[in-house]
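Written below as structure tokens is the structure these notes are about.
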Protein chains: 2
Amino acid sequence: MATTTAAQRRARAKTEYDAFLAACPSRQLLDRISDKWVALILCALGSGGPGAGDSDGPRAMRYSQLSRALAGVSQKMLTQTLRSLERDGLLTRTVTPTVPVTVTYELTELGLSLHQMVRGVKAWAEAHMDDVLAHRATVEVAGSS
Amino acid sequence: MATTTAAQRRARAKTEYDAFLAACPSRQLLDRISDKWVALILCALGSGGPGAGDSDGPRAMRYSQLSRALAGVSQKMLTQTLRSLERDGLLTRTVTPTVPVTVTYELTELGLSLHQMVRGVKAWAEAHMDDVLAHRATVEVAGSS
DNA sequence: CCTCGCTACTTCCCAGCGGGAAGTAGGTAC
DNA sequence: GTACCTACTTCCCGCTGGGAAGTAGCGAGG
């Protein structure tokens, strides 16, 4: 059928590309890492939250601390993201059977090494914010004329 | 007061951006960067696609080239993401009125600087893929017992 | 002539993901 | 007994992103 050739080609090309990309390790992890909450959690656990600047140090944080540090995160997404990061060995989840159950999260060595990368991105975002905002304004003015 | 140090940091933080604050524009920028398609597009434009290794060089790529390089991206998301990146001044969109209209995308200096960061993350993903997979397997085994 | 095809989108529809908020467990303080 | 604490879990629903078809302008072919 000549009419379904395009669809078939597309479907087969996708499978081939998926296989190709499955062989490329960066793709799977990149999709996981490229999540806003993942980046924020790594930054928080690596630098100790909003008030601690960018100085590093392996900080253990409690669930409620993280919830406060990452303003805007829903409890569901926080739990979900933390679990997937734990599953991938980027952080450890420690339950302390104190009076109210206390759960602390801490970056592993692996997570800490990724934190170095993510911190670079976060630093870039904060450093080049002005450039981006300036360019947005330029585009807006140009578009309105 | 021991809080003097904190006050000094706070004063400096006034002039800078803090991505942890939900209201801060740099937070929105980080959210935008932390998108899988953004990361992939930056990688493709910075290194010339899947087959070109990690050697850098400002590669201008056409829409269809990008679409092929980022297998799995929908046309809608590709256009949408490219437009937002153009809006933020990370890449330039050039329309060449050839016989079939040709559109090329190229990283700006700003986009190139971000690419350096993203490439670091990509390199990390490639380097530590095995660790992550190994840990996932460990968790699975531990969970099933 | 009409139609196909090529480019780079744009539009429509729908599933699925993420946010908001309420519910859960197990203890302690009042 | 009731309220409350932490760290979730569950439900509902709106928005986002994917799939695929439609669009525009022009050259080639029947």
Side-chain angles (χ1 to χ4, degrees), chain A residues 1-15 17-18 21 27 30-32 34-41 44-45 60-87 91-106 143, chain B residues 22-23 27-28 30-41 44-45 60-87 91-106 143:
Chain A
M1 286 269 208
T3 52
T4 54
T5 310
Q8 287 176 347
R9 218 190 305 143
R10 189 177 289 257
R12 223 174 41 166
K14 184 173 289 186
T15 309
Y17 277 128
D18 275 16
L21 289 170
R27 176 57 179 271
L30 221 46
D31 286 358
R32 182 127 326 216
S34 298
D35 178 74
K36 61 175 181 176
W37 297 128
V38 169
L40 252 2
I41 285 174
L45 281 174
M61 289 180 78
R62 292 174 52 184
Y63 181 88
S64 53
Q65 275 183 293
L66 281 167
S67 182
R68 248 171 278 119
L70 282 60
V73 69
S74 65
Q75 292 183 323
K76 191 177 78 172
M77 277 316 292
L78 182 55
T79 302
Q80 194 173 307
T81 309
L82 285 169
R83 288 290 156 84
S84 81
L85 290 177
E86 183 199 5
R87 211 179 101 93
L91 53 80
T92 55
R93 179 174 176 270
T94 310
V95 179
T96 310
T98 49
V99 177
V101 176
T102 305
V103 182
T104 55
Y105 296 91
E106 190 168 11
Chain B
R27 165 65 174 274
Q28 272 121 50
L30 193 60
D31 287 355
R32 190 118 321 229
I33 293 167
S34 297
D35 178 75
K36 62 175 180 176
W37 298 127
V38 169
L40 252 5
I41 286 174
L45 281 174
M61 290 181 77
R62 293 173 51 184
Y63 181 87
S64 53
Q65 274 184 293
L66 281 167
S67 181
R68 250 172 277 119
L70 310 175
V73 70
S74 65
Q75 292 182 323
K76 192 176 76 172
M77 276 317 291
L78 182 55
T79 302
Q80 194 174 305
T81 308
L82 285 170
R83 288 289 156 84
S84 80
L85 290 177
E86 184 201 2
R87 211 177 98 95
L91 52 81
T92 55
R93 178 174 177 270
T94 310
V95 180
T96 311
T98 50
V99 176
V101 173
T102 304
V103 181
T104 56
Y105 295 91
E106 191 167 9

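In what follows, every chain begins at residue 1, and chains take the letters A, B, ... in the order their sequences are listed. Source: prediction; values computed, not measured. Just so you know, these numbers use all the heavy atoms, side chains as well, and skip hydrogens, waters and symmetry mates.
With rounding to whole Å, Leu78(A) atom CG is found 10 Å from dA7(D) atom P. Between the CD atom of Glu86(A) and the C1' atom of dA7(D) there is a distance of 14 Å, given to the nearest Å. Across the protein-nucleic acid pair, Lys76(B) atom NZ and dC9(C) atom C1' stand 13 Å apart, rounded to whole Å. When rounded to the nearest whole Å, the span between CE of Met77(A) and C1' of dA21(C) equals 17 Å. Summarising the geometry, the separation between CZ on Arg68(A) and C1' on dT6(D) is reported as 11 Å, rounded to the nearest angstrom. The CG-P distance, from Leu40(A) to dG18(C), rounds to 15 Å in whole Å. Whole-Å rounding puts the Arg62(B) CZ to dT7(C) P distance at 6 Å. Regarding Trp37(A), its CH2 atom lies at a distance of 14 Å from the C1' atom of dC17(C), rounded to whole Å.
When the nucleotides dT28(C), dC9(C), dC8(D) are ranked by their closest atom to the side chain of Arg93(A), dC8(D) comes out on top. Proximity note for Arg83(A) (side chain, C-beta onward) versus dC8(D), dG27(D), dG18(D): the nearest is dC8(D). Of the listed nucleotides (dG18(D), dG19(C), dA7(D)), dG19(C) has the atom at the smallest distance from the side chain of Lys36(A). If you check dA8(C), dC12(C), dA22(C) against the side chain of Gln75(A), the one that comes closest is dA22(C).
Residue Gln80(A) is the one, among Val99(A) and Gln80(A), whose nearest nucleotide of DNA chain C lies closer to the 5' end (criterion: closest heavy atom). Each of Gln65(B) and Ser74(A) was matched to the nucleotide of DNA chain C holding its nearest heavy atom; the match closer to the 5' end belongs to Gln65(B).
Using modelled atom types, one side-chain atom of Thr102(A) and one backbone atom of Pro100(A) make a donor-acceptor pair closer than 3.5 Å. When atom types are taken as modelled, the side chain of Arg32(A) and the backbone of Ser84(A) share no donor-acceptor pair closer than 3.5 angstrom. With Thr79(B) contributing its side chain and Gln75(B) its backbone, the two residues share a donor-acceptor pair below 3.5 Å. Between the Thr92(B) side chain and the Glu106(B) main chain, a donor and an acceptor come within less than 3.5 Å of each other.
Using a 4.0 Å cut-off, no side-chain N or O of Tyr63(B) falls inside it from OP1 or OP2 of dT10(C). Distances shown here put a side-chain N or O of Ser64(B) below 4.0 Å from the OP1 or OP2 atom of dA8(C).
A heavy-atom distance below 4.5 Å is not found between the side chains of Tyr105(A) and Leu85(A).
Among the heavy atoms of the strands, none lies under 4.0 Å from Ser67(B).
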